[in-house]
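No experiment lies behind these values; they were computed from the predicted model shown. Protein chains get the first letters and strands the later ones, always in sequence-line order, with residue 1 at the start of each.
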Amino acid sequence: MARGLLGKVLVRTEGGCDTVLRINEVEAYLGIGDPACHTFQGRRTPRTETMWGEAGMAYVYLVYGVHHCLNVVTVGPGQPEAVLIRGATVMDGHDLVRSRRAPGVEEGRLTDGPGKLCQALAVTRDLDGIDLCGPQSDLRICDDGFRVLDERTLQTPRVGVDYAGEAASWPLRYVSDSRV
DNA sequence: TCTAGGATCGGCT
DNA sequence: GCCGATCCTAGAT
């Protein structure tokens with residue numbers, strides 16, 4: 001699923017305007033058996049409730065009390081797994097992205113991190129549980145036919161999960177070179 | 001009710 | 001490369 005999300009198009013509609021990004025960096029979180037995942041060992045809390053629900057929903061949470069992170073729920077009821085969207089390139093709505101981000105940000109740095117991406121798309125906890133597959137959703141994922149080749153995809157350990165022991169080295173981060 | 005710490009970012013050195 | 005911001009969440013008491 002994580003690999004498949006690379007190259008997909010993320011569309012945010014706000015105030016009648018669309019912002020369009022192409023996903024180029026993701027991480028997989030493998031549910032109850034993954035020490036780095038919020039639902040490790042079956043943890044089920046108000047925060048993670050969305051992950052326990054239907055696949056195709058957005059799981060949005062706050063990290064470090066400052067930034068939001070956007071995930072796609074990937075499996076389905078009772079199997080709380082998700083893919084974190086870590087990076088993307090701006091395809092359309094460039095001015096809107098700039099207006100939402102801090103002034104003076106370097107061009108290539110507008111949406112190259114999970115927190116930045118959420119800021120650029122005005123994604124907050126309000127969108128937690130939204131259907132990413134719904135054509136009318138204010139946040140949705142589309143396929144425009146673009147394909148990322150496996151040989152152009154870099155696979156590495158996940159970022160910032162050192163606390164997860166052995167799982168910190170699992171190669172569940174995927175980066176595509178469509179970021180150029 | 002209390003407390004520790006986090007799937008990050010940006011400014012500063 | 002280092003460090004502070006900032007506040008919610010989850011687990012302990």
Side-chain angles (χ1 to χ4, degrees), chain A residues 1-6 8 10 12 19 21-53 55-75 79-90 94 96-130 132 139 141 153-176 179:
Chain A
M1 272 296 294
R3 194 187 278 278
L5 280 166
L6 288 177
K8 293 292 185 294
L10 187 58
R12 167 72 164 131
T19 309
L21 271 59
R22 190 183 303 286
I23 298 167
N24 62 22
E25 181 180 345
V26 298
E27 282 177 0
Y29 285 84
L30 305 184
I32 60 176
D34 179 0
C37 187
H38 289 169
T39 56
F40 180 50
Q41 290 180 331
R43 281 197 298 249
R44 186 166 185 165
T45 65
R47 178 178 64 151
T48 63
E49 194 55 34
T50 306
M51 271 185 84
W52 288 87
M57 302 294 153
Y59 169 48
V60 182
Y61 67 91
L62 188 67
V63 264
Y64 299 107
V66 185
H67 303 288
H68 291 276
C69 290
L70 169 64
N71 300 252
V72 183
V73 177
T74 50
V75 185
Q79 210 168 331
E81 306 187 20
V83 172
L84 169 67
I85 312 291
R86 288 190 57 88
T89 51
V90 181
H94 200 269
L96 213 42
V97 165
R98 279 231 168 262
S99 72
R100 291 178 184 135
R101 298 276 285 117
V105 175
E106 215 178 307
E107 185 60 33
R109 291 287 157 91
L110 286 168
T111 51
D112 65 338
K116 300 178 189 182
L117 189 140
C118 284
Q119 194 181 2
L121 292 180
V123 169
T124 65
R125 277 288 278 175
D126 295 347
L127 296 181
D128 183 58
I130 198 171
L132 293 168
L139 184 64
I141 292 173
T153 301
L154 194 65
Q155 208 175 337
T156 80
R158 293 171 292 184
V159 173
V161 295
D162 292 343
Y163 61 85
E166 185 215 343
S169 63
W170 296 354
L172 295 176
R173 172 172 174 253
Y174 299 85
V175 185
S176 78
R179 62 162 60 216

| Asp162(A) CG to dG5(B) P, straight-line distance once rounded to whole Å | 15 Å
| To the nearest Å, how far apart are Asp126(A) CG and dC8(C) P? | 13 Å
| said: Given dT8(B), dA10(C), dA7(B), identify the nucleotide with an atom nearest to the side chain of His67(A). | reply: dT8(B)
| note | Closest of dA10(C), dT6(C), dG6(B) to the Val66(A) side chain is dT6(C)
| said: Which nucleotide wins on minimum distance to the side chain of Pro46(A), given the candidates dG10(B), dA7(B), dA10(C)? | reply: dA10(C)
| task | State whether a side-chain donor-acceptor pair under 3.5 Å links Gln119(A) with Arg101(A). | result | yes
| request: Give the rounded distance in Å between these two atoms: CZ of Phe40(A) and P of dA7(B). | output: 14 Å
| Can a salt bridge be assigned to the pair Arg98(A) and Glu107(A) using a cut-off of 4.0 Å between side-chain N and carboxylate O? | yes
| query | With a 3.5 Å cut-off and no angle check, do the side chains of Asp128(A) and Thr50(A) form a donor-acceptor pair? | reply | yes
| task | Please measure how far the P atom in dC2(B) lies from the corresponding atom in dT6(C), and state the result in whole Å. | result | 23 Å
| request: Using distance alone, with no hydrogens and no angle criterion, decide if Arg173(A) and Thr156(A) have a side-chain donor and acceptor under 3.5 Å apart. | output: yes
| N/O (side chain, Arg101(A)) to phosphate O (OP1/OP2, dC9(B)) under 4.0 Å | no
| remark: Walking DNA chain B from its 5' end, the first of Pro103(A) and Asn71(A) to be reached, judged by nearest nucleotide, is Asn71(A)
| remark: Checking dC9(B), dA10(C), dA7(B) against the side chain of Lys116(A) (C-beta onward), the nearest is dC9(B)
| message | Just the rounded figure in Å: distance from C1' of dA7(B) to CZ of Arg47(A). | response | 9 Å
| said: Please report the distance, rounded to the nearest Å, between CD in Gln41(A) and P in dA10(C). | reply: 15 Å
| request: Could you please name the option among dG6(B), dC8(C), dG10(B) that lies closest to any side-chain atom of Leu62(A)? | output: dC8(C)
| request: Indicate whether OP1 or OP2 belonging to dG11(C) is found under 4.0 Å from a side-chain N or O atom of Arg43(A). | output: yes
| To the nearest Å, how far apart are His38(A) NE2 and dG11(C) C1'? | 15 Å
| Which part of the nucleic acid, if any, lies within contact of Gly115(A), taking any heavy atom under 4.0 Å across all strands shown: a base, the sugar-phosphate backbone alone, or nothing? | sugar-phosphate
| query | The side chain of Arg125(A) lies closest to which of these nucleotides: dA7(B), dA10(C), dT9(C)? | reply | dT9(C)
| field | dC3(C) to dG5(B) separation - C1' atoms, rounded to the nearest Å | value | 16 Å
| query | Tyr64(A) side chain N/O closer than 4.0 Å to the phosphate oxygens (OP1, OP2) of dG6(B)? | reply | no
| message | Between Ser169(A) and Arg158(A), do the side chains contain a donor N or O and an acceptor N or O under 3.5 Å apart? | response | no
| query | Quick one: Tyr29(A) OH to dG6(B) P, roughly how many Å, whole number? | reply | 13 Å
| remark: Closest to the side chain of Tyr59(A), out of dT9(C), dA7(B), dC9(B), is dA7(B)
| Complementary nucleotide for dT6(C) - Watson-Crick or wobble, under 3.5 Å | none
| Can you tell me how far P of dT9(C) sits from CG of Asp128(A), to the nearest Å? | 10 Å
| request: Start with the C-alpha gap between Tyr61(A) and His68(A), add the side-chain angles, then the distance that decides, and say whether ring pair (Phe, Tyr, Trp, His ring centres under 6.0 Å) holds. | output: CA-CA 6 Å; Tyr61(A) 67 91; His68(A) 291 276; 8.7 Å; no
